[in-house]
Amino acid sequence: MTPLRVIFAGSGEFGLPTLRAVLDAGHQLLQVYTQPDRPAGRGRKLTPTPIGQFAIDQGLPLIRTQDINRESLPPADLLVVIAFGQKIAPEVASHARLGSVNLHSSRLPRWRGAAPINWAILGGDAQTGNSVIRLADRMDAGAVLAMSQLSIGELETAGELHDRLAVDGASLMLRVMQELVTGTAVEALQDESKATRALKLTREMTKIDWTKSGDEIARHIRGMYPWPGCRVRLVDRHGAEVDRLTLVRARAASPMCETADVAARAAEWGAIGSDLHVCATAGAIEIIDVQPEGKRPMSLDAYQNGHRWEVGMRLESIA
């Protein structure tokens with residue numbers, strides 16, 4: 001591949017595989033722009049973004065900026081933008097000789113917005129992918145230069161899908177860069193009638209609605225993990241808190257939840273039934289993996305080795 005002089009703008013982990021791939025392919029990283037360091041961890045120590053830390057480790061020229069539009073960009077062949085978190089002005093987007101490109105983690109125009117990976121699972125999509133697009137005035141509405149397709153696993157969490165898409169996006173971006181160099185890149189306008197929105201996630205959205213079907217609840221749990229996470233209180237029949245958990249992985253249980261225990265049946269939604277599945281109004285869910293507070297994720301079987309998970313207990317959402 002013909003080496004390009006590249007400016008990279010990114011902040012989140014999603015851009016790391018592509019940044020590594022661009023570097024490994026022999027392109028010249030003229031400048032890396034990222035968001036300023038933020039407080040993190042219990043000590044609230046100022047911490048670089050994942051892209052910022054990678055640039056530091058690799059000795060790449062790095063600028064932490066509140067607004068890239070106020071920076072003086074060096075002459076370049078291409079601006080690559082991935083999970084940057086800032087709106088880029090038209091004059092910056094057109095600064096480089098070959099313009100600018102953005103890697104977005106959905107098959108556009110489906111799931112434009114801040115959380116496309118989560119919403120692909122929440123929406124029950126069987127497949128998703130990446131899109132490399134031109135930057136545009138409207139969010140994620142630019143012309144599409146390339147697109148990939150991946151199947152979503154039956155029990156895949158948003159975090160796992162994020163990592164697969166991040167790796168997939170690196171090869172897709174390198175392909176587009178080569179096509180831009182050779183003049184073979186084709187830009188396709190998005191079909192606005194098929195656009196859907198991937199709204200920003202909030203902790204309030206993690207509350208489990210037990211009136212939904214088992215399949216919808218299971219997707220909700222997987223689509224919200226690892227962040228913001230469906231956090232629950234595990235309470236006994238008397239309402240006393242037994243433990244606090246983040247639900248990691250679940251699937252719809254069949255047949256309908258059946259509870260032989262009268263107290264559990266009276267508790268209705270969110271109750272653990274006689275088969276140790278969790279009852280919902282329109283079915284039941286099988287909890288597969290959980291994460292106790294302050295601990296690593298584990299299977300429910302492993303959790304039960306040292307913790308109570310009994311008929312009649314209930315799960316109550318914590319916002």
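The structure displayed is predicted, hence computed values, not measured ones.
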Does atom CD of Glu13 have more than 12 heavy-atom neighbours, drawn from other residues, nucleotides or ligands, at distances under 6.0 Å?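 Counting other residues, nucleotides and ligands, CD of Glu13 stays at 12 neighbours or fewer.
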Determine yes or no for a side-chain-to-main-chain donor-acceptor pair under 3.5 angstrom, with [X] supplying the side chain and [Y] the backbone.
X: Ser148; Y: Gly129; result: no
X: Thr281; Y: Trp210; result: yes
X: Glu71; Y: Thr65; result: no
X: His27; Y: Leu4; result: yes
X: Glu286; Y: Ala253; result: no
X: Asp77; Y: Arg5; result: yes
X: Thr34; Y: Thr49; result: no
X: Asp140; Y: Gly113; result: yes
X: His220; Y: Met205; result: yes
X: Asn130; Y: Leu165; result: yes

When rounded to the nearest 0.5 angstrom, what distance separates [atom1] in [X] from [atom2] in [Y]?
X: Gln53; Y: Gln58; atom1: CD; atom2: CD; value: 10.5 Å
X: Ser105; Y: Ile117; atom1: OG; atom2: CD1; value: 3.5 Å
X: Arg219; Y: Leu122; atom1: CZ; atom2: CG; value: 8.0 Å
X: Leu155; Y: Ile288; atom1: CG; atom2: CD1; value: 4.5 Å
X: Asp215; Y: Arg251; atom1: CG; atom2: CZ; value: 12.0 Å
X: Trp309; Y: Leu276; atom1: CH2; atom2: CG; value: 8.5 Å

Just one of Leu73, Val92, Val81 clears the side chain to side chain contact (heavy atoms under 4.5 Å, CB included) bar with Tyr33, so which one?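 Looking at Leu73, Val92, Val81, the match for Tyr33 under the side chain to side chain contact (heavy atoms under 4.5 Å, CB included) is Leu73.
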Among Lys87, Arg197, Arg112, which one satisfies side chain to side chain contact (heavy atoms under 4.5 Å, CB included) with Met139?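 Among Lys87, Arg197, Arg112, the one that satisfies the side chain to side chain contact (heavy atoms under 4.5 Å, CB included) with Met139 is Arg197.
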Going through the checks in order, is the side chain to side chain contact (heavy atoms under 4.5 Å, CB included) test met by Phe14 and Leu103? CA-CA 9 Å; Phe14 189 75; Leu103 177 66; 3.7 Å; yes
Indicate whether any N or O donor in one side chain lies under 3.5 Å from an N or O acceptor in the other, for Asp289 and Tyr225.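 Checked: Asp289/Tyr225 side chains show no N/O donor-acceptor pair below 3.5 Å.
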Do His277 and Asp275 meet the criterion of a side-chain donor-acceptor pair at a distance under 3.5 Å?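 Side-chain D/A pair, His277 to Asp275: present.
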Evaluate the side-chain proximity of [Y] to [X]: yes if any heavy-atom separation is below 4.5 Å, no if none is.
X: Ile88; Y: Ser100; value: no
X: Pro39; Y: Leu46; value: yes
X: Gln291; Y: Tyr303; value: no
X: Glu179; Y: Leu145; value: no
X: Ile285; Y: Ile287; value: yes
X: Leu60; Y: Phe8; value: no
X: Arg138; Y: Glu192; value: yes
X: Val22; Y: Met177; value: yes

Could you pull out the closest heavy-atom pair between [X] and [Y], with the gap in Å?
X: Leu108; Y: Met147; answer: O-CE, 3.3 Å
X: Gly12; Y: Ile51; answer: O-CG1, 3.6 Å
X: Ala141; Y: Ala136; answer: C-CB, 4.1 Å
X: Ser317; Y: Ile208; answer: OG-N, 2.9 Å
X: Pro3; Y: Gly26; answer: CB-O, 3.7 Å
X: Ala40; Y: Thr47; answer: CB-OG1, 3.6 Å

Which is it for Val144 and Gln190 under the side chain to side chain contact (heavy atoms under 4.5 Å, CB included) test, yes or no, and what are the steps along the way? CA-CA 7 Å; Val144 177; Gln190 297 185 36; 3.8 Å; yes
Is any NZ, NE, NH1 or NH2 atom of the basic residue among [X] and [Y] found under 4.0 Å from an Asp or Glu carboxylate oxygen of the other?
X: Arg164; Y: Glu160; value: no
X: Asp125; Y: Arg110; value: yes
X: Arg231; Y: Glu293; value: yes

Test of understanding: clusters of I, L, V, M, F, W, Y form through side-chain heavy atoms closer than 4.5 Å, transitively. Do [X] and [Y] belong to the same one?
X: Val311; Y: Leu300; result: yes
X: Leu19; Y: Phe84; result: no
X: Leu23; Y: Met173; result: yes
X: Ile217; Y: Met224; result: no
X: Ile133; Y: Leu79; result: no

Could you walk me through whether Trp269 and Asp209 satisfy the side chain to side chain contact (heavy atoms under 4.5 Å, CB included) test, starting with their C-alpha distance in whole Å, then the side-chain angles of each, then the deciding distance to 0.1 Å, before giving a yes or no? CA-CA 9 Å; Trp269 312 329; Asp209 182 354; over 6 Å; no
Does the side chain to side chain contact (heavy atoms under 4.5 Å, CB included) test come out yes or no for Ile221 and Val248, once each step is laid out? CA-CA 6 Å; Ile221 290 168; Val248 176; 5.8 Å; no
